[in-house]
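Below is one structure, written out as structure tokens, with a few remarks after it.
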Protein chains: 2
Amino acid sequence: MNIQLHNKKEAIFESTLHLIYEYGFRGTPMSQIANHANVATGTIYHYFASKDELILELFKYCREQTNEHIFSVDKNLPYKERFFFIWKRLVAYYLDHKEIFRFVEQFYSSPYFAIMQSSQDPSYYGVDKLHQFFEEGAKSGIIREMNFPTIVSVYIGPATSYIKNISYGFCKMTDSDRDNIIEIIWNGVKK
Amino acid sequence: MNIQLHNKKEAIFESTLHLIYEYGFRGTPMSQIANHANVATGTIYHYFASKDELILELFKYCREQTNEHIFSVDKNLPYKERFFFIWKRLVAYYLDHKEIFRFVEQFYSSPYFAIMQSSQDPSYYGVDKLHQFFEEGAKSGIIREMNFPTIVSVYIGPATSYIKNISYGFCKMTDSDRDNIIEIIWNGVKK
DNA sequence: TGCAACCGAATGAACATTCAATTGCACAAC
DNA sequence: GTTGTGCAATTGAATGTTCATTCGGTTGCA
């Protein structure tokens, strides 16, 4: 029974993700989501109070999924290696999960994000992790002192930009491109 | 008459921009756009065949506006200074025109972008300019050799990331943050 | 006189949401 | 181990609203 429940909810999530990837927020009616997930329209409303809530929950779902995958690094590795590793991991994850990437991008630049910010717990697991990680680097004198938004812009910005370039078909991806980018970032921030 | 026409069309553009900034694609009906622009609903259809076309044209409009403002640099300045100047100009422009930034972001991560790509002339004025600019730097040995998507990711990525951070209220902006970021980028790519 | 610009009420389709009815299952009673 | 009971899960047709788009008509200018 619990498994059933879990399955359906997840099926709804995945279908929403898939359809939004293809048709955007505007282009994906609840009925289509239901179809694609092999449930009745009404069933969605058993799990979610409204379409907005579905979207909001889906965002949380995505964030959890992503965080789970990215921050599994061997703490014993030298800092520089972890710096490279996490970044590549992030890029690889989003390239493997384009629907998630696209959805999250859309979510951020939509009014949903404002809604979420105002009504949510601020438990940004991923952000916390990153914060710690950069602080560690700065404190041990490996990278420059920078405030958090600065380093985040420099570390994450090129990653999302690169993923967009690929995901929107501007260019092909090569490992050496990625190596280049993270190396450039490192050159920029190392002490 | 031509001035009238221009005025109304532009009023429609600006209203759309404003409303989409606040309510997103989904939340801005044609009737509202008309209201806000002080024209009748039907008038919009005199200028645009459909809502989709309005959005598509608005994107072109935004791109033109942006390009006009950014690439006015004194060619005689040393390369490094131009490298800094263009970047700051870009950031400043988007911070001054948050609606444009938000709209373009939304546009890119929506299916509209795919539509545009398939049916459009590939005259990316801004992209061409950038391409030339980076090539110049690489040829004269001032910055490293990189393929275009790589350097774009590293140059533009942090800019948009930073603008998002501010625009979504994650942090306040200071000039020194920006100075920091572009300096880091420069350290990363210089030879 | 003609045509482009403009108007805004009317139309119809698309869609989110509701709801009355059905199913399936856990658990208690016997 | 059979039957009964209640509640969660599920269904999908019906409802009502919200729009994009249309259109017949008006205005104003060349």
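Computed over heavy atoms, backbone and side chain alike; hydrogens, waters and symmetry mates excluded. Reminder, nothing fancy here: chain letters follow the sequence lines and each chain counts from 1.
- Annotation for Glu53(A): atom CD counts as buried by contact number, over 12 foreign heavy atoms lying within 6.0 Å.
- Residues of residues 15-40 of chain A having a heavy atom closer than 4.0 Å to DNA chain D, listed by number: Val39(A), Ala40(A).
- One interatomic measurement links the two molecules: CZ of Phe48(B) to P of dT22(D), which rounds to 15 Å at whole-angstrom precision.
- Protein atom NE2 of His46(B) is 16 Å distant from nucleotide atom C1' of dG25(D), rounded to whole Å.
- Listed candidates were dC7(C), dA20(D), dT10(D). Nearest to the side chain of Tyr45(B) is dA20(D).
- A heavy-atom distance below 4.5 Å is not found between the side chains of Tyr108(A) and Glu105(B).
- Side-chain proximity of Thr43(B) to the nucleotides dA9(D), dA16(C), dC6(C) is greatest for dC6(C).
- Here dA8(D) presents its C1' atom at 9 Å from OH of Tyr47(A), a figure rounded to the nearest Å.
- Following rounding to the nearest Å, Ile44(A) (CD1) and dC19(C) (P) show an atom-to-atom distance of 18 Å.
- Computed from coordinates, the Ile55(B) CD1 to dC19(D) P distance equals 14 Å when rounded to whole Å.
- The aromatic rings of Tyr112(A) and Phe25(A) sit perpendicular to each other, their planes meeting at more than 60°, with 30° as the lower class boundary.
- Between Asp175(A) and Lys88(A), no side-chain nitrogen of the basic residue sits less than 4.0 Å from a carboxylate oxygen of the acidic one, so the salt-bridge criterion is not met.
- Following rounding to the nearest Å, Glu53(A) (CD) and dT18(C) (P) show an atom-to-atom distance of 12 Å.
- Ring-centre distance between Phe48(B) and Phe13(B): below the 6.0 Å cut-off.
- Of the listed nucleotides (dT21(D), dT10(D), dA4(C)), dT21(D) has the atom at the smallest distance from the side chain of Lys51(B).
- Between Lys75(A) and Glu136(A) there is no salt bridge, since none of the side-chain N atoms of the basic residue sits less than 4.0 Å from a carboxylate O of the acidic one.
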